[in-house]
Amino acid sequence: QQKMVGQNQDLDLALIREQKVSRQKEEFLASFSHELRTPLNAVLGLCEALQEDVYGPLTEMQRRSLQTIESSGRHLLDLIVDILDVARIGAGRLMTSTQPCSISQIAAVAERQIQDEAAAKNLSVEFTLEDESVSVNSDPAQIQRIVRNLFSNAIKFTPDGGKIGLTVTQSGCGQIVNVTVWDEGIGMQSDEVNELYQPFVQSDGGLARQYNGLGLGLTLSTRLAHLIGASLLVESEPGKGSKFTLAIPVSGPRQVILFGDLNCPFSYALNEWFEQAGVSHLI
């Protein structure tokens, strides 16, 4: 019995060390990404000022060069923000806000956001909503971001002239709203799907890959979905495309109530966990 107690204590200590190392890693990534983003914002600001002729007129070649600098800088900034948010979620520092939000408005914004990218590849875009008035209690900014990430993947992995789209349906009981982004792209094998939820993994990996990106889109989208109490589901078939469905509870994230005896040491452990995660609580 004493040997078993000692083994359990060793396991507890090992788990605590692992959690500490993981948290330190996430905090380092968050700090690192922040330090990168600050000077990049300054570069983009000066680039905009130059394009507006604040420091004098520009030649056409100079203007094209500045446009290239700006577009490349904004792409880099998007990557840094994604890395920062993955780190913030892991460190328990990304906050969400729950409020009534219209799915039709979110779809309309998504349609405007992807117009240029879809047109550049001559993609047909279809939006289908069963009910224009459907709404959910959730975080509209995070839903918008997830949908945007899913569309970015759909556009990236769909050949020129193909089709992509968004479909909004409700479950039979009316308690779940399903927002599905689909494409007719390259699709995936079943064993590739689980790997895609890992950070920095792409279906088209390797040095000779055809598609760019860090492979953070699905990882970030999945973690954001969990934060707002939703689920991200996937169906895919090689050569026939993919469907990513964000299942959002109409009433909002589920709430969990825990009861504990203050004489029990576990209550103090819960208190520490809540404080580290930035969760409001009452003991």
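Index from 1, following the sequence. What you are looking at is a predicted structure, and each value in this text was computed from that prediction instead of being measured.
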To the nearest 0.5 angstrom, please state how far the [atom1] atom of [X] sits from the [atom2] atom of [Y].
X    : Y    : atom1 : atom2 : result
N137 : T98  : CG    : OG1   : 7.5 Å
I103 : L166 : CD1   : CG    : 9.0 Å
L44  : S72  : CG    : OG    : 10.0 Å
C101 : I228 : SG    : CD1   : 8.0 Å
I114 : S152 : CD1   : OG    : 9.0 Å
N153 : S221 : CG    : OG    : 7.5 Å

[X] side chain to [Y] backbone, donor-acceptor under 3.5 Å:
X    : Y    : answer
Q144 : I106 : yes
Q62  : T59  : yes
D183 : G241 : no
K243 : T180 : no
K121 : T158 : yes
S171 : I176 : yes
S71  : T68  : yes
S236 : M188 : yes

message: Show, in sequence, the C-alpha distance, side-chain angles and deciding distance for L123 and E184, and conclude whether the side chain to side chain contact (heavy atoms under 4.5 Å, CB included) test is met.
response: CA-CA 10 Å; L123 300 177; E184 295 181 348; over 6 Å; no
Quick check: closest heavy atoms across [X] and [Y], and the distance to 0.1 Å?
X    : Y    : result
L246 : A230 : CD1-CB, 3.9 Å
L66  : C47  : O-SG, 3.2 Å
Q115 : E111 : CG-O, 3.1 Å
Q51  : R63  : O-NH1, 2.9 Å
A225 : I146 : N-CD1, 3.7 Å
I155 : A118 : CD1-N, 4.2 Å

Is there side-chain contact between [X] and [Y], with at least one heavy-atom pair below 4.5 Å?
X    : Y    : result
V168 : V177 : yes
D139 : M95  : no
L227 : Q142 : no

- prompt: Checking side chain to side chain contact (heavy atoms under 4.5 Å, CB included) for the pair L218/V234: CA distance, chi angles, key distance, verdict?
  reply: CA-CA 10 Å; L218 278 184; V234 59; over 6 Å; no
- prompt: Which one of F127, F157, W182, F244 satisfies the ring-ring contact (aromatic ring centres under 6.0 Å, His included) criterion with F151?
  reply: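 Answer after filtering F127, F157, W182, F244: F127.
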- prompt: Should T219 and R223 be marked as a side-chain hydrogen bond (donor to acceptor under 3.5 Å, both in side chains) after you check the CA-CA gap, both sets of side-chain angles, and the distance that decides it?
  reply: CA-CA 6 Å; T219 300; R223 296 186 182 185; 6.0 Å; no
query: In this structure, are over 12 heavy atoms from other groups packed under 6.0 Å from D116 atom CG?
result: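 Counting neighbours around CG of D116, 12 or fewer heavy atoms of other residues, nucleotides or ligands fall under 6.0 Å, so no.
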message: So that I can tick it off, tell me whether R74 and E70 are bridged by a salt bridge, with the cut-off set at under 4.0 angstrom between side-chain N and carboxylate O.
response: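 Yes, E70 and R74 are salt-bridged.
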- prompt: Any chain of hydrophobic side-chain contacts (each under 4.5 Å) joining I69 to V54?
  reply: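 I69 clusters together with V54.
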task: For side chain to side chain contact (heavy atoms under 4.5 Å, CB included), just list the numbers for V136 and I143, CA-CA rounded to whole Å, side-chain angles, deciding distance to a tenth of an Å, and then say yes or no.
output: CA-CA 11 Å; V136 296; I143 295 177; 4.2 Å; yes
message: As a quick check of understanding, evaluate side chain to side chain contact (heavy atoms under 4.5 Å, CB included) for Q113 and V147, giving each step before the final call.
response: CA-CA 11 Å; Q113 287 177 334; V147 172; over 6 Å; no
